[in-house]
Amino acid sequence: MRLVGRTPANEILTASEVAAWLDQNIETVQRAAKSGRLPARRIGKEWRFLRELVAETRGLRIRRSAPVDESDFPRSPFTAGAGTAAAGMDSEEAARFLRTKEWTVRSEANQGRLPGWREGQRWRFSREELIEFMRTDEPEDRTRYDRRESRSSAS
């Protein structure tokens with residue numbers, strides 16, 4: 001395993017962050033994600049990558065900084081703790097965690113493409129379920145809207 005000096009700080013990465021990290025072109029990263037050579041999930045129209053899976057796939061070792069005393073900082077809603085699985089994150093927090101827009105998170109959850117549950121009018125998400133969602137492969141039978149297909153069938 002080789003050691004990478006500039007490991008991204010975020011757990012969930014965008015395609016441009018992965019491209020910069022791996023020193024590749026963004027189109028190369030997107031093609032690798034689409035073909036399955038690089039583990040990724042589409043959230044809306046954008047690719048998202050789990051940092052540890054990318055490192056594992058590419059044989060990289062993530063450089064960890066010195067241990068930090070977590071009692072010095074306020075608890076983040078993204079860290080696991082007692083009772084957080086039951087409480088979950090709202091759609092705004094899930095959007096910040098997944099690094100996308102809130103309306104995309106709500107839309108994907110409404111379509112059943114993102115794990116979450118409704119509490120009244122609001123969507124709630126579990127950090128653990130979102131991480132597991134990022135780890136699993138995308139189902140092959142999933143149909144996504146493609147304008148090119150709808151145009152050809154309409155003619």
Practice task
For residues Arg48 and Leu13, determine if any side-chain heavy atom of one lies less than 4.5 Å from a side-chain heavy atom of the other.
Solution key: no
Problem - Nearest-0.5 Å distance that lies between atom CZ in Arg106 and atom CD in Glu92 - result: 10.0 Å
Practice task
Would you check if the side chain of Arg41 reaches a backbone N or O of Leu50 as a donor-acceptor pair within less than 3.5 Å?
Solution key: no
Handout entry: Reported CD-to-CG distance for the pair Glu93 and Leu98, which is rounded to 0.5 angstrom
Key = 12.0 Å
Handout entry: Phe125 side chain reached by Ser91 side chain, heavy atoms, under 4.5 Å
Key = yes
Problem - Gap separating the CE atom of Met89 from the CD atom of Glu129, nearest 0.5 angstrom - result: 9.5 Å
Exercise for the section: Please round to the nearest 0.5 Å and tell me the distance separating atom CH2 of Trp117 and atom CZ of Arg122. Expected result: 14.0 Å
Problem - Name of the residue among Ile12, Leu130, Thr100 meeting side-chain contact (heavy atoms from CB on, under 4.5 Å) with Ile43 - result: Thr100
Practice task
State, yes or no, whether a side-chain contact exists between Glu46 and Thr14 at a heavy-atom distance under 4.5 Å.
Solution key: no
Problem - Nearest non-hydrogen partners of Ala15 and Val29, listed with the distance - result: O-CG1, 4.0 Å
Exercise for the section: Kindly indicate whether the side chain of Trp47, heavy atoms from C-beta on, has any atom under 4.5 Å from the side chain of Lys34. Expected result: yes
Problem - Spacing of CZ belonging to Arg31 relative to CG belonging to Asn25, to within rounding of 0.5 Å - result: 7.0 Å
Practice task
Decide yes or no for Arg99 and Glu17: does some side-chain heavy atom of the first lie under 4.5 Å from some side-chain heavy atom of the second?
Solution key: yes
Practice task
Identify the heavy atoms of Arg37 and Ser35 that sit nearest to each other, and give their distance.
Solution key: NH1-OG, 3.0 Å
Completion exercise
Closest non-hydrogen contact found for Ala109 with Trp123 is O-CH2, 3.4 Å
Exercise for the section: Starting at CZ of Arg96, measure out to CD of Glu102 and round the result to the nearest 0.5 Å. Expected result: 9.5 Å
Exercise for the section: Indicate yes or no: at least one non-hydrogen side-chain atom of Leu22 is less than 4.5 angstrom from one of Leu60. Expected result: yes
Handout entry: Sole candidate of Thr28, Val54, Leu53 that passes side-chain contact (heavy atoms from CB on, under 4.5 Å) when paired with Leu38
Key = Val54
Practice task
With the side chain counted from C-beta on, respond yes when Glu128 and Glu132 share a heavy-atom pair under 4.5 Å apart, and no when they do not.
Solution key: no
Exercise for the section: Taking the side chain as every heavy atom from C-beta outward, state whether Phe97 and Ile131 have any atom pair closer than 4.5 Å. Expected result: yes
